[in-house]
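Take a look at the structure below.
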Protein chains: 2
Amino acid sequence: MFLEIRHLRSLLTIRETGNLARAAERLHVTQSALSHQIKSLEQYFEAPLFLRNSKPLRLTPAGEKLIELARQVLPLVEGAENDLRRVARGELGRLHIAIECHACFEWLAPVLNRYRRQWPQIEVDIRVGVSFEALPALQKGEVDLVISSDPVKSTDLQFSELFDYEALLVMPADHPLVRKKRIQPTDLAEETLITYPVKRQRLDVFSRFLQPAGVEPAAVRQSELTSVILLLVASGRGVAALPDWVLREAEQAGTLATRPLGPRGMKGTLYAAVRRAEFDTAYLQDFIGLARRR
Amino acid sequence: MFLEIRHLRSLLTIRETGNLARAAERLHVTQSALSHQIKSLEQYFEAPLFLRNSKPLRLTPAGEKLIELARQVLPLVEGAENDLRRVARGELGRLHIAIECHACFEWLAPVLNRYRRQWPQIEVDIRVGVSFEALPALQKGEVDLVISSDPVKSTDLQFSELFDYEALLVMPADHPLVRKKRIQPTDLAEETLITYPVKRQRLDVFSRFLQPAGVEPAAVRQSELTSVILLLVASGRGVAALPDWVLREAEQAGTLATRPLGPRGMKGTLYAAVRRAEFDTAYLQDFIGLARRR
DNA sequence: GCATAGAATTGAGTAAAACTCATAATTTTA
DNA sequence: TAAAATTATGAGTTTTACTCAATTCTATGC
C-alpha cells in the first residue's frame with residue numbers, strides 16, 4: 001500500500017488545471033514537488049499516468065482510474081473532516097442519556113424537547129437503565145450522560161449537580177393519612193404501595209424509609225408508567241412515593257394529596273454524570289443548564 | 001488537510017483488533033508508532049478518538065466518524081489499486097483504434113471479434129478517422145492504436161508492420177477492361193470511378209495513379225460502405241480501386257474481376273501505430289499479432 | 001527550420017514526518 | 001497488591017517529501 005490522499009488531491013488538481021505549474025500553485029507546493037510525486041506514483045504502479053507530450057496534460061487509462069478514485073474519495077474525506085471539526089467544536093455530537101430513575105422521564109421529556117430545538121445536530125436518545133449498569137456504560141462510551149442521585153468519585157467521570165428533590169407520599173385527597181403532617185414507616189403497614197418495577201434496593205422508599213424501620217407494606221403493586229401510578233392512587237388502589245417534580249400539576253388538580261416521608265422528609269439531589277474528557281463540550285453543558293432550570 | 005489513508009488503515013485495524021499492540025503487529029509497525037499516530041490525529045482534530053480507560057478500546061463519536069470514513073474509503077482504494085496493477089500488467093485496458101482507411105473495416109471487424117474473446121477486460125472501440133487527424137489523436141491519448149499505411153518517424157510513436165496489400169481495380173466479370181492484364185491510368189478516362197467519400201489526396205488511386213498521369217475519370221461516385229461499392233460495381237455502375245483483402249471472397253463468387261493498377265501494381269503496407277510507452281503491453285502486442293494473421 | 005519562452009524533469013540538498021527503541025506510566029488481572 | 005499486559009512518552013534515526021537550481025523538453029512564432 002502506498003497511495004495516499006495527498007496523491008489523489010494532487011492528481012485531481014493537475015487534471016483540473018491541466019498543467020503542473022498551476023496545480024502546484026493551487027496546492028501551495030513547488031511544481032517540482034508535484035513532478036516528483038507523480039513520478040513516484042508511476043514508478044510504484046509501473047504505469048504512466050499522464051501523457052507528457054501534449055499541451056493540456058492528458059491522462060492515460062491508469063491515470064483515469066486514479067482520477068475516478070479521487071472523485072469518489074475526496075468528497076467523502078472532506079465531509080468527514082468537516083464533521084470532525086464540528087464534533088470538536090461541539091456542534092455535532094451524540095447525547096445518549098441513561099436514567100436509572102423511572103420518574104425522571106417526567107421532567108426529562110420536556111427538557112429534551114426544548115434541547116432538540118437548540119441542538120438539532122445532536123443525536124439524542126434516552127435509555128432507561130434497567131438491563132445495564134449506567135455508570136460503566138458511560139465509561140465504556142455506550143452512553144454519554146447519566147442522570148443519577150448518588151455521585152461517585154471517579155477519575156474519568158464528572159458529576160454536576162442538577163437540582164434537589166423530595167420524595168413525597170401520594171394518596172387520594174380523602175385518604176385517612178392526609179390528617180397527618182408527616183408520614184412514619186409504620187403508617188404504611190396497612191397500605192398498598194405502588195412502585196416502579198425495579199428491585200427494592202433501588203427504590204428509596206424501601207432502602208431509606210421502610211427497610212431501616214423493618215416495616216413491610218400490606219401489599220406492593222407495580223407499574224412502569226408514572227401516569228398510571230397516579231391514576232391508581234387517585235382511584236384508591238394504593239399509595240406511592242414519588243419525587244416532588246412529578247406531583248406539581250397532579251396536586252393542583254385537587255384529587256391527590258402529598259405528605260413528607262419521615263421527620264425531615266426524604267430528600268435527595270439529582271446529578272448529571274459525563275466523561276471528564278467531554279465535560280467542557282458546549283452541547284453537554286447546555287443540556288445540563290436546561291436540566292437545572294427544567 | 002492532514003488525514004491520510006494510512007491513518008484510516010491504522011484506525012480500522014485498531015478498531016478490529018481492539019488493541020494497539022495487536023494492530024501494530026498486523027500493520028507491521030511498532031505499537032509506539034500507532035500510539036504516536038493516533039495522538040497526532042487527536043491533536044489535529046482537537047478531539048479524542050478513543051476512550052483510553054476501557055479494555056476493548058472504544059471509540060468516541062469522533063472516532064466513529066473516522067471509522068465510518070475508513071469503511072467507505074479503504075475498499076475503494078484497494079479496488080483502484082488492484083485495477084491499476086492489472087492495467088500495469090496489461091490485463092485491463094483500453095484499445096480505441098483509429099482507422100484512416102474505410103476498407104480496413106473489412107478485415108478489422110473479424111479480427112476484433114476474435115480479439116474480444118481473448119481480452120474481455122479490454123475496452124475496444126473503432127473510430128473512423130474522418131473528422132480528426134489520427135496520429136495527433138494517438139499522441140494526445142484520444143485513441144490507442146492507429147492503422148495507417150504511411151509510417152512516420154516519431155519519438156513517441158512506434159509503428160509495427162502488419163501486412164502488405166495491393167490495390168486492384170474491380171469491375172464486373174464481363175467488363176471490357178478485363179481483357180487487359182494491367183490497367184493504365186488512361187484506361188479509366190471513360191469509366192465511372194466509385195470511391196469512399198474522402199478527399200482525393202487520401203485516395204491512393206488518385207494520388208498515386210490518376211493524378212501523376214493527369215487523368216480524370218469520366219465520373220466519380222461515392223459510397224461509404226465497401227459492400228455497397230461492390231454491389232454497384234457488380235451491377236455495372238462503375239469500377240473501383242480496392243485493396244486485395246476486400247476482394248478475396250467477392251472474386252470467388254465469379255461476378256467480379258480484378259486487375260493490377262500500373263506496371264508494377266499499386267502496392268502498400270499497413271502499419272499499426274501505438275504510443276512508444278505502451279508498445280510492450282501484452283494486450284496491444286496481441287492485437288498486432290492477430291491483425292498480422294488476419 | 002531555428003530560436004525562444006513556457007513547462008516539465010532531474011538531482012542534490014534540506015526540512016519534515018514517520019518510525020523505532022528504550023523506558024515510563026497505566027490499567028487489568030490474578 | 002504484585003505481576004502482567006497494554007499504552008504513552010521522549011530521544012534518536014530513518015525515511016519521505018519537499019525546495020532550489022539547473023537542465024531538458026515542447027510548442028510556437030518568426
Side-chain angles (χ1 to χ4, degrees), chain A residues 1-11 13-44 48-60 63 136 139-141 154-157 275-277, chain B residues 1-11 13-44 48-60 63 133 135-136 138-141 153-157 275-277:
Chain A
M1 301 286 187
F2 174 83
L3 193 66
E4 288 294 350
I5 289 172
R6 168 170 30 90
H7 296 132
L8 296 182
R9 234 187 307 272
S10 301
L11 241 18
T13 311
I14 293 171
R15 156 82 203 229
E16 279 168 5
T17 59
N19 162 324
L20 279 202
R22 251 170 304 157
E25 202 177 339
R26 265 202 5 206
L27 293 166
H28 307 294
V29 293
T30 59
Q31 156 263 30
S32 169
L34 282 190
S35 180
H36 282 298
Q37 209 176 83
I38 300 302
K39 193 183 167 194
S40 80
L41 280 178
E42 291 181 327
Q43 280 171 352
Y44 174 75
L49 301 177
F50 288 104
L51 295 169
R52 293 351 170 36
N53 25 18
S54 85
K55 191 62 192 229
L57 224 47
R58 272 190 102 91
L59 293 162
T60 63
Q139 287 180 312
K140 289 198 199 304
S154 163
T155 48
D156 53 338
L157 298 184
R275 285 179 290 275
R276 203 174 285 282
Chain B
M1 301 286 188
F2 174 84
L3 192 67
E4 288 294 351
I5 289 172
R6 170 168 28 91
H7 296 131
L8 296 182
R9 236 186 307 272
S10 301
L11 242 18
T13 310
I14 294 171
R15 155 85 203 228
E16 279 167 5
T17 59
N19 165 320
L20 278 201
R22 251 171 303 157
E25 202 176 338
R26 263 198 14 202
L27 294 166
H28 307 294
V29 293
T30 59
Q31 159 271 352
S32 169
L34 281 191
S35 180
H36 282 297
Q37 207 176 84
I38 300 302
K39 193 182 165 193
S40 80
L41 279 179
E42 292 181 327
Q43 281 172 351
Y44 174 75
L49 301 177
F50 288 104
L51 295 169
R52 293 348 170 37
N53 25 18
S54 87
K55 187 57 197 242
L57 223 48
R58 271 193 101 91
L59 294 162
T60 63
E133 290 290 307
L135 292 181
L138 179 59
Q139 288 179 311
K140 289 197 199 305
K153 279 237 182 304
S154 163
T155 48
D156 54 338
L157 298 184
R275 284 178 291 275
R276 202 174 286 279

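Protein chains get the first letters and strands the later ones, always in sequence-line order, with residue 1 at the start of each.
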Are the side chains of [Y] and [X] in contact, using a 4.5 Å heavy-atom criterion?
X	Y	value
B:Thr13	B:Leu34	no
A:Leu20	A:Ile14	yes
B:Thr17	B:Leu57	no

Starting at atom [atom1] of [X], determine the distance to atom [atom2] of [N], rounded to an integer number of angstrom.
X	N	atom1	atom2	result
A:Leu20	D:dC18	CG	C1'	15 Å
A:Gln43	D:dT16	CD	C1'	14 Å
B:Asn19	C:dT29	CG	P	12 Å
A:Phe50	D:dC25	CZ	C1'	17 Å
A:Arg9	D:dC18	CZ	P	12 Å
A:Ile14	C:dA8	CD1	P	9 Å
A:Lys39	D:dT16	NZ	P	15 Å
A:Ile5	D:dT16	CD1	P	19 Å

Worksheet item: Crowded around B:Glu25 CD? As in, over 12 foreign heavy atoms under 6.0 Å?
Response: no

Discussion item. What's B:Ala21 touching, base or sugar-phosphate or nothing? Going by heavy atoms closer than 4.0 Å.
Written reply: sugar-phosphate

I'd like a list of close polar pairs between nucleotides 14-18 of chain C and the protein, N/O only, cut-off under 3.5 Å.
none

Discussion item. Tell me every residue that passes salt bridge (charged side-chain N to carboxylate O under 4.0 Å, His left out) with A:Arg22, counting only those two or more places apart in sequence or in another chain.
Written reply: none

Worksheet item: Between the side-chain atoms of A:Gln31 and the base atoms of C:dA7, is any donor-acceptor pair under 3.5 Å?
Response: no

Fill in: Nearest atoms (heavy-atom pairs only) where A:Leu51 meets A:Leu59
CD1-O, 4.5 Å

Got a list of protein N/O to nucleotides 11-13 of chain D N/O distances below 3.5 Å?
none

